[in-house]
Amino acid sequence: MLFRSIDASIEELTILGKTTELLAFRTTLIATLISLVVVSLILVYKYRLASLAGIATTTLSIFGSLGLIVLFGVELNSATIIGLVSVALISLASIIVYMAKIKDEAYRGRSLKKANSEAMKKALLPVVDISAITVIIGVFIFIFGGLIYKGLSASLVFGGLLSLLLNTLGLRGLLWMLTNNTSFMGKYQLLGIDCEKVPNALNEEKQNYYGAYASHDFTTKKKSVSIIMSVLFLLSLAGMITFGAIDSNNNFFNSQSNQALTSEIYFEVEDNAYLFSESIAQDYLSHTYLLDDSGNIITEKDSDGNDVNVSIYSRYVTTIVTQDTMMEKDNEGGVVIETIHYYYVANLNTRLSLDTNVKFDDGLIVKEGKINTVFAEIILENGYNNASINLKNVTDVTTDRPGFSKITLAIVVGAAVSMLYLFIRYRLSRGISMFLLSVGTAAITIGFFVLTRLAVSSYILAALPIVLITSFIIQINILSKEKDLLAESKSKDLNEIG
């Protein structure tokens with residue numbers, strides 16, 4: 001053990017606590033990128049060449065939204081990433097709606113050019129609906145959601161507008177060029193269309209394929225589904241009321257598990273001439289033993305039944321990791337001096353108090369006392385030339401308590417305004433039904449976390465708007481299909497009368 005000097009302390013985790021959020025941010029970002037790759041592969045399998053246009057517009061929607069977020073100085077956090085996931089969702093939904101219309105028209109016997117032309121008309125309003133709902137919800141999250149959700153609201157508003165622009169102009173333009181290319185004429189397979197199911201209009205063949213689920217009656221189980229949904233909703237509501245009444249803060253989420261009281265011991269090494277490493281940090285903590293109230297080293301039985309001393313490393317340390325390095329440059333007398341800082345972090349599975357008594361004994365140096373005092377004294381007796389180590393024990397790493405009332409208000413008001421919009425588009429009964437189903441789905445999602453007592457943070461609640469938007473997208477797709485069928489039936493009846 002050759003150390004020269006070190007300043008040891010234990011401090012509250014305030015600024016340093018952001019490392020936890022950064023880790024969550026990186027994990028969320030990586031998961032998002034992997035999901036986009038998987039979805040892109042599915043699109044390629046489903047829509048072949050046309051999927052490239054969809055991937056292009058989706059990518060532009062995401063990075064365009066990200067660019068606007070950076071331009072306007074909006075905080076980039078995990079909620080913002082969740083918002084960008086929503087942008088990808090609405091863009092992909094718009095693409096799927098458009099491609100479904102093209103396939104429907106092709107299976108009627110129309111050429112790719114004519115199928116795309118008809119699909120452009122029929123897909124326009126559903127695409128506008130999806131983007132409009134997203135923007136509406138984003139606006140009310142901005143108004144009512146609170147500071148932590150500003151990035152989420154910005155993602156939804158910017159993404160909704162960009163998706164609308166790119167999918168009504170960019171996607172349509174790309175598919176127009178594709179379907180109007182004479183070299184692709186009749187090559188339905190390039191868009192994932194089964195050529196054998198496309199009727200030949202020249203031979204006066206009639207349509208015989210109406211989609212994979214044309215013969216399936218989804219209404220046969222509507223009673224069972226309604227009962228299950230109602231039971232889940234009532235259970236969720238009962239769970240919220242019950243756990244809210246039990247909790248002293250009227251918080252029906254598992255707030256206790258939201259708190260993570262842990263510690264981290266930081267090693268900061270300047271000019272690492274003697275190659276300080278994670279193994280040296282481990283050795284250092286392995287010789288720092290815990291004391292009981294009587295001043296004796298705490299012992300425990302090993303696998304052979306022998307008493308062994310309990311060290312900080314053996315009882316508390318979960319991992320020791322190397323953090324990023326940092327370089328400082330000082331200009332002294334015209335000479336630039338570079339100082340490199342190396343950081344090592346020992347993650348503990350519990351909280352160590354400032355009053356923790358320890359004893360350091362490596363066979364050469366023996367020190368006993370409060371943890372800070374011992375850390376400082378033993379390092380002063382070592383000779384680690386051209387280096388200094390700064391040891392910090394960081395405590396009280398806690399996650400936030402979710403502001404449920406704010407995000408709930410934003411979701412309910414956003415859904416209510418969306419209902420008014422959908423009432424204009426699909427009539428009153430449809431608008432009310434979509435509102436109830438979407439809000440009910442979000443409530444059941446909340447109920448899952450309430451009843452299972454899983455820990456909930458603000459970033460988990462940020463996923464609720466995705467649940468709401470997804471529910472609206474599914475219903476918009478169903479109702480737009482219904483409108484198309486009613487319009488075709490009416491047109492057919494008029495032709496027969498004529």
Side-chain angles (χ1 to χ4, degrees), residues 79 82-83 85-86 89-90 93 126 129-146 148-149 152-153 155-157 160 218 222-244 250-253 402-452 454 456 458-480 482:
I82 293 173
V85 172
S86 300
L89 174 66
I90 63 172
D129 293 340
I130 292 171
S131 296
I133 294 299
T134 303
V135 172
I136 290 171
I137 293 173
V139 167
F140 286 101
I141 290 176
F142 180 84
I143 296 173
F144 299 114
I148 195 171
Y149 297 116
L152 172 63
S153 63
S155 298
L156 294 178
V157 173
F218 289 98
K222 63 180 181 181
K223 185 176 181 180
S224 301
V225 172
S226 299
I227 292 173
I228 293 172
M229 290 290 290
S230 299
V231 170
L232 290 175
F233 177 78
L234 292 175
L235 286 174
S236 301
L237 188 61
M240 290 183 235
I241 295 173
T242 303
F243 288 108
N250 297 322
N251 182 12
F252 47 74
F253 287 120
F404 177 73
S405 58
K406 291 183 179 180
I407 192 67
T408 302
L409 179 62
I411 288 175
V412 172
V413 175
V417 175
S418 300
M419 179 186 68
L420 296 177
Y421 170 83
L422 295 170
F423 157 61
I424 297 172
R425 283 279 293 120
Y426 298 101
R427 73 177 184 267
L428 179 60
S429 61
R430 294 291 189 267
I432 294 175
S433 298
M434 293 174 78
F435 170 80
L436 294 176
L437 286 171
S438 299
V439 173
T441 303
I444 292 172
T445 304
I446 296 170
F448 170 79
F449 288 99
V450 172
L451 295 173
T452 57
L454 294 175
V456 176
S458 296
Y459 293 125
I460 291 178
L461 292 183
L464 287 179
I466 296 185
V467 174
L468 190 69
I469 291 170
T470 303
S471 179
F472 274 124
I473 288 174
I474 294 172
Q475 294 175 81
I476 286 171
N477 187 38
I478 294 172
L479 292 181
S480 66
E482 180 188 57

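Computed from heavy atoms alone, side chains included, the values below leave out hydrogens, waters and symmetry copies. The structure displayed is predicted, hence computed values, not measured ones.
Between the CG atom of Leu479 and the CE atom of Met434 there is a distance of 5.0 Å, given to the nearest 0.5 Å. Note that CD1 of Ile466 and CD1 of Ile90 are 10.5 Å apart. Values are rounded to the nearest 0.5 Å. Taken from CZ in Phe233 to OG1 in Thr441, the straight-line distance is 10.5 Å, to the nearest 0.5 Å. Atoms CG and CD1, on Leu156 and Ile82 in that order, are 10.5 Å from each other to the nearest 0.5 Å. Atom CG of Asn477 and atom CD1 of Ile473 lie 9.5 Å apart (nearest 0.5 Å). Between the OG atom of Ser86 and the CD1 atom of Ile137 there is a distance of 9.0 Å, given to the nearest 0.5 Å.
Of all non-hydrogen atoms in Gly160 and Thr134, the two that sit nearest each other are CA-CG2, 4.3 Å. In terms of heavy atoms, Ala443 sits closest to Met240 at O-CE, 3.8 Å. Minimum heavy-atom separation, Glu482 to Arg430: OE2-NH2, 3.0 Å. The shortest non-hydrogen separation linking Gly138 to Ser153 is O-CB, 3.2 Å. Annotation for Ile130 and Ile476: closest pair N-CD1, 4.1 Å, computed over non-hydrogen atoms. Looking at every heavy atom in both residues, Gly145 comes nearest to Ala410 through N-CB, 4.3 Å.
Although no hydrogens or angles enter the test, the distance criterion places a donor-acceptor pair under 3.5 Å between the side chain of Ser230 and the main chain of Ser226.
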Assess the residue pair Asp129 and Tyr421 against the criterion (side-chain contact (heavy atoms from CB on, under 4.5 Å)); give the C-alpha distance rounded to whole Å, side-chain angles, the decisive distance to 0.1 Å, and a yes or no. CA-CA 9 Å; Asp129 293 340; Tyr421 170 83; 2.5 Å; yes
Decide side-chain contact (heavy atoms from CB on, under 4.5 Å) for Ile432 and Phe435; before the verdict, give the C-alpha distance in whole Å, the side-chain angles of both, and the deciding distance to 0.1 Å. CA-CA 5 Å; Ile432 294 175; Phe435 170 80; 5.6 Å; no
Take Gln475 and Leu422 through the side-chain contact (heavy atoms from CB on, under 4.5 Å) test and state the conclusion after the steps. CA-CA 11 Å; Gln475 294 175 81; Leu422 295 170; over 6 Å; no
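By the 4.5 Å heavy-atom criterion applied to side chains, Val157 and Phe142 are not counted as neighbours.
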